Amino acid sequence: MRQALDSEIIRFSMWIRNGGKAGDYQGENKEVKVLSPEELNTGVLAWADQILCATNATRNKMNLEARKIKGFPEAPQIGDKIIGLTNHWNFSDPPLTNGSIGTITDAQTEFIRLPRYISPEPIKILRTTMIDEMGNTFYDIPIDYNCLMTGQKTLSVKQEIQIKNNELLKEQGIEAPFDFAYGYAITCHKFQGSSAPKVLVFEERFPFEPIEHARWIYTAATRSENRLVLVKR
């Protein structure tokens, strides 16, 4: 679903496309609201269906804040929103792809033991069932626990290739864990082609180049179907 042609979101996006600055926008404040960083509060964070930002630093910070508002402890929980960061075309039908967003419905931690030449230490994973936004269910996703929690992959590319080429691991159905992150806040490029009813956008100093910066804000703003709040830099 996208906005009606006469919506304020469209008017705001065209303002940006025509060279206007987000902080200077004077609209009706019904569908679009521009806030200063000082005006941001937990109510706005809880209100948003999707938070969009430009940098991983802001993404990580806002995911922590969103989970705190929900009262979740540090460990992943049933009900947590997550997003896939890599493509796994043969894992399921439909495939589990980069940018797949869903909710954890079941999860348990376990450890994968690999040949010592690949990793002397067992690899911690979150064995997860996830329902995506289209209602598709993905079972037994082997999520890299460390990647989800910190953003840092457990294994190197070399180790992942070694796992892929190991015939015994193939027979056992063992593969490198999948890269996921929390999905309350995501970078805008991960959300291209998608939309949500209520979107909160953080304007940042990236992209630096003015034309690219305007394009970024335009793209982020038009991800919203009904209501848009933009926190100006």
Side-chain angles (χ1 to χ4, degrees), residues 1-66 69 81-87 97-101 133 147 150-153 179-233:
M1 176 182 177
R2 290 297 169 85
Q3 314 87 356
L5 292 177
D6 62 345
S7 79
E8 189 177 2
I9 294 171
I10 293 295
R11 291 196 294 274
F12 173 76
S13 65
M14 295 309 298
W15 162 273
I16 295 296
R17 174 175 278 184
N18 292 328
K21 294 183 178 180
D24 295 336
Y25 180 75
Q26 299 293 325
E28 299 173 2
N29 291 329
K30 293 181 179 180
E31 296 176 15
V32 177
K33 190 170 183 63
V34 178
L35 302 178
S36 68
E38 294 74 24
E39 293 176 291
L40 180 66
N41 55 53
T42 56
V44 177
L45 292 175
W47 163 87
D49 296 311
Q50 187 62 60
I51 301 170
L52 299 179
C53 54
T55 65
N56 285 326
T58 300
R59 175 179 64 83
N60 291 331
K61 179 181 178 181
M62 289 302 104
N63 274 320
L64 287 174
E65 288 295 323
I69 290 170
K81 186 176 182 179
I82 56 176
I83 179 171
L85 305 179
T86 47
N87 292 316
T97 58
N98 184 1
S100 295
I101 298 175
E133 296 176 318
C147 182
T150 70
Q152 300 297 317
K153 291 165 58 73
D179 299 340
F180 270 75
Y182 288 116
Y184 305 100
I186 62 177
T187 54
C188 182
H189 79 276
K190 288 283 187 183
F191 206 57
Q192 291 191 50
S194 300
S195 63
K198 297 176 294 183
V199 173
L200 171 62
V201 175
F202 284 86
E203 181 189 16
E204 303 188 72
R205 295 196 179 278
F206 178 86
F208 302 109
E209 202 277 326
I211 294 178
E212 289 302 316
H213 189 84
R215 288 174 179 167
W216 187 93
I217 296 177
Y218 174 86
T219 300
T222 53
R223 300 310 92 195
S224 174
E225 297 169 3
N226 301 322
R227 296 291 301 277
L228 169 69
V229 172
L230 184 139
V231 180
K232 61 184 179 182
R233 64 184 182 185

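Quick caveat: nothing in here was measured; it's all calculated off a predicted structure.
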In Å, rounded to the nearest 0.5 Å, how long is the span from [atom1] of [X] to [atom2] of [Y]?
X: Lys33; Y: Glu8; atom1: NZ; atom2: CD; value: 10.5 Å
X: Ile83; Y: Asn98; atom1: CD1; atom2: CG; value: 7.0 Å
X: Asn60; Y: Thr150; atom1: CG; atom2: OG1; value: 8.5 Å
X: Phe12; Y: Tyr25; atom1: CZ; atom2: OH; value: 7.5 Å
X: Met62; Y: Leu40; atom1: CE; atom2: CG; value: 6.5 Å
X: Leu35; Y: Asn41; atom1: CG; atom2: CG; value: 8.0 Å

(request) Sequence neighbours left out, what passes side chain to side chain donor-acceptor pair (under 3.5 Å) with Lys81? Give chain and number order. (result) Gln50

Any non-hydrogen side-chain atom of [X] less than 4.5 Å from a side-chain atom of [Y]?
X: Tyr184; Y: Leu45; value: no
X: Thr187; Y: Asn56; value: yes
X: Ile217; Y: Val201; value: no
X: Arg11; Y: Met14; value: no
X: Leu52; Y: Ile186; value: yes
X: Ser194; Y: Arg223; value: no

(request) Take Ile101 and Phe191 through the test side chain to side chain contact (heavy atoms under 4.5 Å, CB included) and record every step on the way to the result. (result) CA-CA 9 Å; Ile101 298 175; Phe191 206 57; 3.9 Å; yes

Does [X] use its side chain to pair, donor to acceptor, with the backbone of [Y] at less than 3.5 Å?
X: Thr222; Y: Thr219; answer: yes
X: Glu203; Y: Ala22; answer: no
X: Asn63; Y: Ala185; answer: yes
X: Ser100; Y: Thr97; answer: yes

(message) side chain to side chain contact (heavy atoms under 4.5 Å, CB included) for Leu85 and Lys190? Distances and angles first, verdict last.
(response) CA-CA 9 Å; Leu85 305 179; Lys190 288 283 187 183; 4.1 Å; yes

(request) Answer yes or no: are there more than 12 heavy-atom neighbours, outside Lys198 itself, under 6.0 Å from its atom NZ? (result) yes

(request) Provide the closest heavy-atom pair for Glu31 versus Ser7 in the form atom of the first, atom of the second, distance. (result)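 Looks like OE1-CB, 3.2 Å.
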
(request) Write down the atom of Thr42, the atom of Ile69, and the distance for their closest heavy-atom approach. (result)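 Scanning both residues completely, I find the closest heavy atoms to be O-CD1, 3.7 Å.
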
(request) Just grab all the ring pair (Phe, Tyr, Trp, His ring centres under 6.0 Å) pairs involving residues 206-233, residues at least two apart or on different chains. (result)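 Residue pairs with at least one partner in residues 206-233: Phe206-Phe208.
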
